[in-house]
Amino acid sequence: MATIPTYSFYNIGRQEKMVDLFAWTDPDPYSFDTPHCHDYHELMVFYKGGGKHDIDFKSFEVKSKSIHIIPKSFLHQLKRDANSSGFTIAISQLFLEQLLQFEPTNNYLSLFEKE
């Protein structure tokens, strides 16, 4: 059985950070169009959409002006059209936990606990 890759900031060649921005115009550090996971949460922002995004065995259409929330450790695979554009915000679990210390009334972790 094939192993599903799990990517971290470290194994994609980036410095360990609390939050990072991945421009889709940069060379891809890994193959996003094959099933994989991350040890960080992701917000994928689509300026211009097109394609299909499978997240935790559910399919979603990639639409313009949309955001996809991918919790850490969720299996996902993005097959975006060549003309799609946008960026990804990668957010560490530690960052969200520390936000709770400063702003306990807003549980940012809950954004990533639901599908």
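This is a predicted model, so every value here is computed, not measured.
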Would you say Phe102 and Met18 are hydrophobically clustered, going by side-chain heavy atoms of ILVMFWY under 4.5 Å?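 Each belongs to a different hydrophobic cluster.
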
Are Tyr108 and Ile67 linked, directly or through intermediate hydrophobic residues, by side-chain heavy-atom contacts shorter than 4.5 Å (ILVMFWY only)?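 They do share one cluster, since a chain of ILVMFWY contacts under 4.5 Å joins Ile67 to Tyr108.
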
With side chains defined as the heavy atoms from C-beta onward, is the minimum distance between Arg80 and Lys52 less than 4.5 Å?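 Counting from C-beta outward, Arg80 and Lys52 never come under 4.5 Å.
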
Separation of [Y] [atom2] from [X] [atom1] (nearest 0.5 Å):
{"X": "Ser92", "Y": "Glu97", "atom1": "OG", "atom2": "CD", "answer": "8.5 Å"}
{"X": "Lys48", "Y": "Asp81", "atom1": "NZ", "atom2": "CG", "answer": "9.5 Å"}
{"X": "Leu100", "Y": "Leu109", "atom1": "CG", "atom2": "CG", "answer": "5.0 Å"}
{"X": "His36", "Y": "Ile70", "atom1": "NE2", "atom2": "CD1", "answer": "8.0 Å"}
{"X": "Gln101", "Y": "Leu96", "atom1": "CD", "atom2": "CG", "answer": "12.5 Å"}

Parallel, tilted or perpendicular: which describes the rings of Phe22 and Tyr40, with under 30° parallel and over 60° perpendicular?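 It falls in the perpendicular class, over 60°.
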
Begin with the C-alpha distance, continue with both residues' side-chain angles, and end with the deciding distance and a verdict on side-chain contact (heavy atoms from CB on, under 4.5 Å) for Val45 and Thr88. CA-CA 6 Å; Val45 179; Thr88 300; over 6 Å; no

I'd like to know if the side chain of Trp24 pairs up with that of Ser85 as donor and acceptor (distance under 3.5 Å, no hydrogens or angles considered).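 Side-chain D/A pair, Trp24 to Ser85: absent.
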
Just by distance, with hydrogens left out, do Ser59 and Asp54 show a side-chain donor and acceptor under 3.5 Å apart?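 Yes.
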
If every non-hydrogen atom of Asp39 is compared with every non-hydrogen atom of Thr6, which pair is closest and at what distance?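 Distance-wise, the nearest heavy atoms are N-CG2, 4.0 Å.
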
Restricting to non-hydrogen atoms, name the atom on Gly49 and the atom on Ser84 that form the minimum distance, rounded to 0.1 Å.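 Shortest heavy-atom separation between Gly49 and Ser84 comes out as C-OG, 3.4 Å.
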
Pair Phe112-His41, ring pair (Phe, Tyr, Trp, His ring centres under 6.0 Å): steps then yes or no: CA-CA 7 Å; Phe112 298 97; His41 305 285; 4.4 Å; yes

When His68 is tested against each of Glu42, His76, His53, Lys63 for side chain to side chain donor-acceptor pair (under 3.5 Å), which residue passes?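 Exactly one pass, corresponding to His53.
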
